Amino acid sequence: MFDSQTIETAPNGEMTVRTTMADDEWLTGMLLSYGDSVQVLAPDFIRQRIADTAKKMLACYETDQKR
């Protein structure tokens, strides 16, 4: 999905990807699709959006309410 020139691999195997993407719902969904295998480092507003969305998702499973 990412050009190899945008990926830095650390000795421990962790990867950092530096890229530019459109800020839309697709981006949020794509990042969330990696589950806990990804961490958004920047920009802060996308990092916060991912955290907020994950909290809302968790809240759906922490209650006994089913839709």
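In this text the structure is predicted, and so the values were computed from the model without any measurement.
- The CE atom of M21 lies 7.5 Å from the CG atom of L31; values are rounded to the nearest 0.5 Å.
- Among residues two or more places apart in sequence or in another chain, the side-chain hydrogen bond (donor to acceptor under 3.5 Å, both in side chains) test is passed with Q48 by D52.
- By the 6.0 Å contact criterion, CE on M15 is open, its count of non-hydrogen atoms from other residues, nucleotides or ligands being 12 or less.
- Counting all heavy atoms, side chain and backbone alike, V40 lies closest to R47 at O-NH1, 2.6 Å.
- R18 is linked by a side-chain hydrogen bond (donor to acceptor under 3.5 Å, both in side chains) to E8, counting only residues two or more places apart in sequence or in another chain.
- For residues 31-41, there are no side-chain hydrogen bond (donor to acceptor under 3.5 Å, both in side chains) pairs, not counting sequence neighbours.
- T28 is linked by a side chain to side chain contact (heavy atoms under 4.5 Å, CB included) to L32, R49, I50, T53, counting only residues two or more places apart in sequence or in another chain.
- Hydrophobic cluster membership of L41, counting Ile, Leu, Val, Met, Phe, Trp and Tyr whose side-chain heavy atoms lie under 4.5 Å apart directly or via other members: none, as it forms a cluster of its own.
- With sequence neighbours excluded, no residue forms a side chain to side chain contact (heavy atoms under 4.5 Å, CB included) with S4.
- When hydrophobic clusters are built by joining Ile, Leu, Val, Met, Phe, Trp and Tyr residues whose side-chain heavy atoms come closer than 4.5 Å, directly or via intermediates, V38 is grouped together with F45.
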